[in-house]
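Worksheet for the structure shown next.
Here is the naming used below: chain letters follow the sequence lines, and residue numbers restart at 1 for every chain.
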Amino acid sequence: MVSKKIVVVGHFGVGKTSLIRRFVEDSFSDDYKVTIGVHILKKTLNVNDQDVSLILWDTEGTDDIEEIRKAYLMGTHGFVLVCDLTREATYINLESQKKYLEENFPKTPILSIGNKTDLLPKGSIADAKDQFDYLDALVSAKEGNNVLRAFEKLTKMIIK
Amino acid sequence: MENFKSSYEINSIQFIEIDQNGIILDSDNKIFPLNNGDTVADLHPFFDNISTYFETNESRFELTCVNMNDRVCDVEIVLNDKNGAFIVLKDGTDHYARQQQVAQKRNESIIFTEVLELRNRVLKDQEDFKNQFIGNFSHELRNPLTLISSFSSLLSKTELNLNQSQLVQAINYQSNKLRTVLDDIIDLSFLKTGSIELKSETFDLTAFLETVKLNYSTLLKDKSTSLEVQIAPNLPKAITADKRRLEQIIVNFLDSAILHNTGEIIELHFKENQRRANKLSLRVEVITRNGVVPDLESLSSEEALRTFTKGESNKNTGLGLSIAREIAGLMDGSIRIKNVAEGTHQIANLKVTFPLHGIEEVTKTEKSKKEPVKLTDKIRTIIAEDNDVTQMTAMKVLVSTGNFDTQVYSDPSALLAAVEKHDYDLILMSGSLSQVDAIELLSLVKQFGNEHNQKIPVFAVTVHTSPAAIAAYRKAGFKDVIKKPYTDDELVNTIYKKMKLKKFK
Ligand SMILES: Nc1nc2c(ncn2[C@@H]2O[C@H](COP(=O)(O)OP(=O)(O)OP(=O)(O)O)[C@@H](O)[C@H]2O)c(=O)[nH]1
Ligand SMILES: [Mg+2]
């Protein structure tokens, strides 16, 4: 079975750990436990009739993407760049974070995700779509919306 | 000794040797028990990608703080000359646990501040939007209201039978009431957005309160109530403050007191809390001993509405207290409604100043009885206005006095042509005419008008009556600003007051 390394990056508290937990264990907790260093989990996904073993690297949140320890990022097949739709500080410089990854890891797919859609006022998702149209997916780790779909999307980008 | 030792990070270290396929060749098992011949990937998914490290030009890799099962390790991978690698695991679990706690505190507090800021911003945006909306909406109502107000007032001055005159009076009364509500709403939205500044003037306190009392004499007589004004003897004779705003606070107190009072006396006290140099903390207190005045702002909106609608007083819009509170805030003060048995103390503590050497000039109360003005020559007037309703209002009001010859222009170029050819005595100019701003239009009039017209008074007739806007109009050369909505008397009297009427007599 092919195995692919996916690194999840983004500001602290945006829900990286929660997204992975939702994806891997289908569970969620409201408590916030800060990740330091890196946690690594595995999950097998079937896309395009093919089993893919995903090695998910859940990194420590940083203010600045360049602070991420370079060694963590070696051999990455795909990035998930997460921001919190309710905290401007986490998405204001998303474009430049993305650019940084593109420059340092050419040809590596990046999926940018806006998390915590459940916290946006109901009915404003449609408006938010316009505001956040530079994001590839709007998800909620809490309610599970779109989480699986987002990881499937990235996996397809990786194996194509 | 133990303390000293613990200041060194004494980590357990495990050495592992693997081949290029990740098969364990040797391990000293200091941290994790491993068997030779197993693959490292079985220990932890971290090693799933171990082949990556064999594919680069480098031979040494360090990855700190990797969470591995129940431990947190720094990992070193050193490629060896047997096409395999040595792996060094350094157990930093305790060290990283402390780091984690620090990061936890830091992140939580940053996020907390961010969320707080955001919430404040959202609230402020909503508040601004609301005030803006209310302000705009109220402006929209002004033109039709100006018409209703002034026409009903005009009508009431004509020959009417009793029934008609009662109807007209009712219209006039209600439209005036609506005007007050509108003014209050606009006032409040200005106060809330902080676009009102206080105007200071020095005035005689006793004379000021006498005027206030005088204004209430009829209303009080109707209710067979009397107003007792007491000024503490140690207060300075004159104070410096925004007289109109101070009066607004007092009027609000008195209106509520009169509305809820069931006894014979309402007391108005002026006292001194304290003073320092020329600064004075002034206490204004309105006391009802029979009748409780509710604090509308502390009631639920439903209760407040009930209390408000019960009010028959034509002046009470229910917004008065909010306005008074905002004004008191501007005066570095506060307002308190204190209910006592059977009665209420409405208290405003306000910061004012006073002249240290007394004042000579004492504001005189104007009481000139108005005789209708009759002119032999008519005032040739241009009404520059593009709103039909306002055009008609101004025209009717002016013509009804018999003293004006009016011409209406709703187009700037037609207006400029007129002031070039014919002589006029007065121009009433709306805030903007077909998108041209009044201030620009005035400069064009001065430029293109004939010599005579360059000197005639021009009044701005506008809804923009903030102090800043008025100052801007004056500076641009307007004689005065007439506020919309106006009553017939307001319009006519402002014109009379500011024009030299002698040459028309
Ligand atoms: N309402 C809501 N809360 C979420 C969602 N995802 C995560 N959270 C909450 O956000 C907080 C942070 O989530 P984590 O998953 O720990 O965030 P992280 O990005 O891993 O944070 P670091 O490890 O510090 O970088 C936790 O309190 C979560 O419960 C979501 O979709 N909706
Ligand atoms: Mg985390």
Inset, instruction - Salt-bridge test for B/Glu76 and B/Lys90: reply yes if a basic N is under 4.0 Å from a carboxylate O, no otherwise. - result: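 B/Lys90 and B/Glu76: salt-bridged.
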Please look at [X] and chain A and tell me whether the side chain, the backbone, both or neither of the residue comes under 4.5 angstrom of a heavy atom of that chain.
X        : result
B/Glu114 : side chain
B/Glu55  : neither
B/Phe46  : both
B/Asn49  : side chain

Legend entry - For chain B, the option from A/Asp84, A/Ile40, A/Thr90 that forms the most heavy-atom pairs under 4.5 Å: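 Of A/Asp84, A/Ile40, A/Thr90, A/Ile40 has the most heavy-atom pairs under 4.5 Å with chain B.
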Legend entry - Choice from A/Val34, A/Leu41, A/Ile55 maximising heavy atom contacts with chain B below 4.5 Å: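 Of the candidates given, the most pairs with chain B belong to A/Val34.
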Inset, instruction - Ignoring hydrogens and angles, tell me if any N or O in the side chain of B/Asp19 forms a donor-acceptor pair with the backbone of B/Asn21 under 3.5 Å. - result: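 Judged by distance alone, yes, a pair lies under 3.5 Å.
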Legend entry - Side-chain donor or acceptor of A/Thr59 paired with backbone N/O of A/Val8 under 3.5 Å: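 Side chain of A/Thr59 to backbone of A/Val8, a donor-acceptor pair under 3.5 Å: yes, one is there.
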Is there a donor in the side chain of [X] and an acceptor in the side chain of [Y], or the other way round, less than 3.5 Å apart?
X        : Y        : result
A/Asp64  : A/Thr62  : no
B/Tyr96  : B/Asp74  : yes
A/Ser140 : A/Asn145 : no

Inset, instruction - Side chain from CB out, backbone as N, CA, C, O: work out which of these in A/Glu60 comes under 4.5 Å of a heavy atom of chain B, or both, or neither. - result: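 For A/Glu60, neither part sits under 4.5 Å from chain B.
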Inset, instruction - Select one option (side chain, backbone, both, neither) describing which atoms of A/Lys70 are under 4.5 Å from chain B's heavy atoms. - result: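 For A/Lys70, no heavy atom lies under 4.5 Å from chain B.
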Legend entry - Gap separating the CG atom of A/Asn104 from the CZ atom of A/Phe79, nearest 0.5 angstrom: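 Those atoms lie 8.5 Å apart.
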Legend entry - Among B/Val72, B/Thr56, B/Asp48, residue most engaged with chain A (heavy-atom pairs, under 4.5 Å):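 With the most close heavy-atom pairs to chain A, the winner is B/Asp48.
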Inset, instruction - Specify which of B/Ile111, B/Asn107, B/Ile110, B/Thr64 makes the most heavy-atom pairs with chain A at under 4.5 Å. - result: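 Going by pairs under 4.5 Å, I would pick B/Asn107.
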